[in-house]
Every structure is written in structure tokens, then in C-alpha cells.
Amino acid sequence: MPGSIATSITLNGDSYPLDADTPLTALLERLNMRRGRVAVEINREIVPKANYDATMVRAGDNVEIINFVGGG
């Protein structure tokens with residue numbers, strides 16, 4: 001994208017590239033994760049599901065995503 005700045009975050013302990021600030025919902029889509037089946041923490045603070053649409057992931061953020069899977 002013109003004008004975007006290549007940057008990175010720490011995602012589950014590993015460096016992960018992003019193009020500038022990214023909405024949390026866009027990051028989840030990029031990772032093929034369903035928002036209803038994950039828990040997200042950014043910089044050691046849990047993000048309520050109701051805030052996913054309004055939350056931005058920014059350069060240098062530490063993001064932890066836990067994906068819940070069913071089975072038995």
C-alpha cells in the first residue's frame with residue numbers, strides 16, 4: 001500500500017510483520033482466526049471481545065492470542 005510503513009509486533013513471542021497500525025479484527029482475519037474462538041491480550045491487558053473492532057495493534061505491541069479448539 002502506498003504510504004504504509006513496514007513495522008512489526010511481537011505475536012505469541014515471535015516477531016510478526018505488519019503494515020502500520022492494524023485493526024485487531026484485521027489481524028485475526030489475516031491469521032485465519034475466528035474472533036469468537038480466541039482470547040487476546042495486548043501489552044499484558046486482556047482485550048474484551050466487545051472492543052475488538054475498535055482496538056488497533058501498533059508497532060512494538062506485544063500481542064498474545066489464545067485460540068480455543070473443541071474436541072474430546
Side-chain angles (χ1 to χ4, degrees):
M1 285 194 314
S4 64
I5 300 169
T7 188
S8 68
I9 60 170
T10 301
L11 177 61
N12 293 345
D14 295 320
S15 181
Y16 187 84
L18 282 184
D19 294 327
D21 294 349
T22 301
L24 176 56
T25 50
L27 177 61
L28 293 175
E29 287 174 15
R30 183 172 169 183
L31 296 169
N32 294 317
M33 294 184 164
R34 291 180 20 205
R35 62 187 287 168
R37 299 190 55 94
V38 298
V40 179
E41 180 183 276
I42 299 177
N43 300 325
R44 298 183 161 235
E45 294 203 18
I46 295 172
V47 179
K49 288 189 189 314
N51 295 351
Y52 282 12
D53 289 327
T55 300
M56 296 297 288
V57 179
R58 303 184 194 293
D61 279 349
N62 184 2
V63 180
E64 296 288 330
I65 302 175
I66 298 172
N67 192 21
F68 300 104
V69 293

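Of all heavy-atom pairs spanning K49 and R35, the tightest one is NZ-O, 3.4 Å.
Interatomic distance, OH of Y52 versus CG of L24, reported as 6.5 Å (0.5 Å rounding). Separating the CG atom in L18 from the OG1 atom in T7 is a distance of 7.0 Å, to the nearest 0.5 Å. Distance check, rounded to the nearest 0.5 Å: CZ of R37 to CG of L28 gives 13.5 Å.
Results of the side-chain contact (heavy atoms from CB on, under 4.5 Å) test with T55 over T22, V47, L27 single out V47 as the only residue that passes.
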Side chains of residues 57-69: which donor-acceptor partners sit under 3.5 Å, not counting sequence neighbours?
from	atom 1	to	atom 2	distance (Å)
R58	NH1	D21	OD2	2.7
D61	OD1	N43	ND2	2.9
D61	OD2	R58	N	2.8

- request: Given side-chain contact (heavy atoms from CB on, under 4.5 Å), test L11 with L31 step by step and report yes or no.
  value: CA-CA 11 Å; L11 177 61; L31 296 169; 3.9 Å; yes
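For the pair I46 and V40, the minimum side-chain heavy-atom distance is 4.5 Å or more.
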